[in-house]
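Following: one structure in structure tokens, then a few remarks.
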Amino acid sequence: MSSAQQQVVSHLQGLAQQALALLQDLPARRQLIEQYFNIGPETQHYSATITPVQLGDMAAEWVQAAGADANQRLLYIHGGSWVSGSPQLYRPLLSKLSELTGLSILAIDYRLAPEHPFPAGLDDSYEAYLWLRENGPQGAAPSSNVFMMGDSAGGNLVLACLHKLNDNQEKLPNAAVALSPATDFTGQSPSMKTKAGIDPIVNPIALTMLDPIYLRGAVALDHPYASPLFGDLSQLPPLLIQVGEMEVLLDDSVRFAEQAKQQGSDVTLQQWPDMPHVFQGFAPVLPQASDAIEKIAAFIKQHLD
């Protein structure tokens, strides 16, 4: 393991220990998650223009690198276990992505559990996607290309949103990207056990704890809007999934990709040895993170009309 990798792993292990100590203090845990990618000024730097916007009652922000096309758009749905996280946390990552792709990126501050349990986050993501198709950074204007992307819980919401779009016969995005998505609330992925002692930040017990906080019995654990793995995977848009091989969520990605391919969808799975959960946010400290972002940008460019 390189010194950079060890730095990231040690940082995440420290966050995990602090989070455990703050188990009953949700506001403090939410503040803590905002330090997820903060291992120094390199991972916090961004050069894009940030423009706040309101989608009804939901706050969001446009992230645009110099020269970004207002009609080429990407919806970003942040992670944070459905209970934390914010668009601000992802500004460096999205700034790099906007620069590499030329897309204008909308990051949404969707409603969080437990104040707003399922399906609030999914509903917000779905409505944001529909809004994005018809509205850009300069106001109402139809999009020429639209993409969706999210990480962890946000990756779950991306995949669940694709199911909902298909169910409602809405137009799908050109393509979608999911980083370390949670796809199975039933916890059947083998990596939940095999990676439990390796993953520096995600505890497999967290999934069972999140059920009564996020889902609250609103749907079965294997409902496609909660666990996208169990939906019809035959009608997905082109999809890129990236996941680190240290993750307890590794097999959530592997199983989803395998089943989607078997059902006829175009899915690209990229596994990264010795990488933790959502490692992409540690660019440029981790060369693998920079490489992963470049691969995301190349995938998106392949699917521009």
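The basis for the numbers below is simple: all heavy atoms, side chains too, and nothing from hydrogens, waters or symmetry mates. As the structure is a computational prediction, the values presented were derived from the model and not from experiment.
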Backbone of [Y] reached by a side-chain donor or acceptor of [X] within 3.5 Å:
X	Y	result
Asp109	Ala60	no
Ser98	Ala65	yes
Ser95	Ser47	yes
Asp69	Leu103	no
Ser290	Ala283	no
Ser234	Gln263	no
Thr183	Ser253	no
Asp184	Ser227	no
Ser84	Gly80	yes
Tyr225	Phe118	no

Once rounded to the nearest 0.5 Å, what's the spacing between atom [atom1] of [X] and atom [atom2] of [Y]?
X	Y	atom1	atom2	answer
Leu12	Gln17	CG	CD	11.5 Å
Leu97	Leu74	CG	CG	6.0 Å
Leu179	Leu249	CG	CG	12.0 Å
Ile213	Ser81	CD1	OG	9.5 Å
Asn174	Ser143	CG	OG	8.0 Å
Asp151	Leu93	CG	CG	8.0 Å

[X] side chain to [Y] side chain, donor-acceptor N/O pair below 3.5 angstrom:
X	Y	result
Gln288	Asp291	no
Gln6	Ser3	no
Ser104	Gln64	yes
Glu34	Gln88	no
Gln72	Asn145	yes

Query - Parallel, tilted or perpendicular: rings of Phe37 and Tyr90 (30°, 60°) - result: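 Ring orientation, 0 to 90° scale: perpendicular.
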Query raised in the report: Can you say whether the rings of His277 and Tyr36 are parallel (under 30°), tilted (30 to 60°) or perpendicular (over 60°)?
Result: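 Ring orientation of His277 relative to Tyr36: perpendicular.
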How about [X] and [Y]: do any of their side-chain heavy atoms sit closer than 4.5 Å?
X	Y	value
Gln188	Leu229	no
Phe185	Leu215	yes
Pro181	Asn156	no
Met148	Ile77	yes
Phe147	Arg73	no
Leu157	Tyr126	no
Val177	Ile241	no
Ile50	Trp62	no

Query raised in the report: side-chain contact (heavy atoms from CB on, under 4.5 Å) between Leu250 and Gln271: does it pass, once the steps are laid out?
Result: CA-CA 8 Å; Leu250 170 62; Gln271 298 178 219; 3.9 Å; yes
Query raised in the report: Going through the checks in order, is the salt bridge (Lys or Arg N to Asp or Glu O under 4.0 Å) test met by Arg29 and Asp25?
Result: CA-CA 6 Å; Arg29 286 170 64 88; Asp25 190 343; over 6 Å; no
Query raised in the report: Quick one: are the ring centres of Trp272 and Phe282 less than 6.0 Å apart?
Result: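 No.
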Report task. Report the C-alpha separation of Ile108 and Tyr129 in whole Å, then their side-chain angles, then the decisive distance to 0.1 Å, and conclude whether the side-chain contact (heavy atoms from CB on, under 4.5 Å) test is met. Result -> CA-CA 10 Å; Ile108 58 171; Tyr129 169 79; over 6 Å; no
Taking all non-hydrogen atoms of both residues into account, name the closest pair between [X] and [Y] and its distance.
X	Y	answer
Leu22	Ala28	CD1-CB, 3.8 Å
Glu245	Asp274	CB-N, 4.3 Å
Arg133	Lys171	NH1-O, 3.2 Å
Phe230	Asp222	CB-O, 3.3 Å
Glu247	Met275	CG-O, 4.2 Å
Pro92	Tyr46	CA-CB, 3.7 Å

Query raised in the report: Below 4.0 angstrom, N of the basic side chain to O of the carboxylate: do Arg91 and Glu61 qualify?
Result: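 Looking at Glu61 together with Arg91, the answer is yes, because their closest N to O distance falls below 4.0 Å.
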Query raised in the report: Are Arg30 and Glu115 within salt-bridge range, i.e. N to O under 4.0 Å?
Result: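 Yes, charged N to carboxylate O under 4.0 Å.
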Query - Verdict with reasoning, Leu239 to Thr268, per side-chain contact (heavy atoms from CB on, under 4.5 Å) - result: CA-CA 6 Å; Leu239 177 64; Thr268 301; over 6 Å; no
Side chains of residues 158-165: which donor-acceptor pairs under 3.5 Å do they make with residues two or more places apart or in other chains?
residue, atom, partner, partner atom, Å
His163, NE2, Pro228, O, 2.9
Lys164, NZ, Asp123, OD1, 2.8

Report whether [X] and [Y] are members of the same hydrophobic cluster (ILVMFWY, side-chain heavy atoms less than 4.5 Å apart, transitive linking).
X	Y	result
Met246	Val202	no
Met58	Ile105	yes
Ile198	Met1	yes
Val278	Val9	no
Ile293	Met149	yes

Query raised in the report: Yes or no on side-chain contact (heavy atoms from CB on, under 4.5 Å) for Gln7 and Val285, after CA distance, side-chain angles and deciding distance?
Result: CA-CA 9 Å; Gln7 180 186 6; Val285 173; 3.9 Å; yes
Query raised in the report: More than 12 heavy atoms of other residues, nucleotides or ligands under 6.0 Å from CG of Asp57: is that the case?
Result: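 Open.
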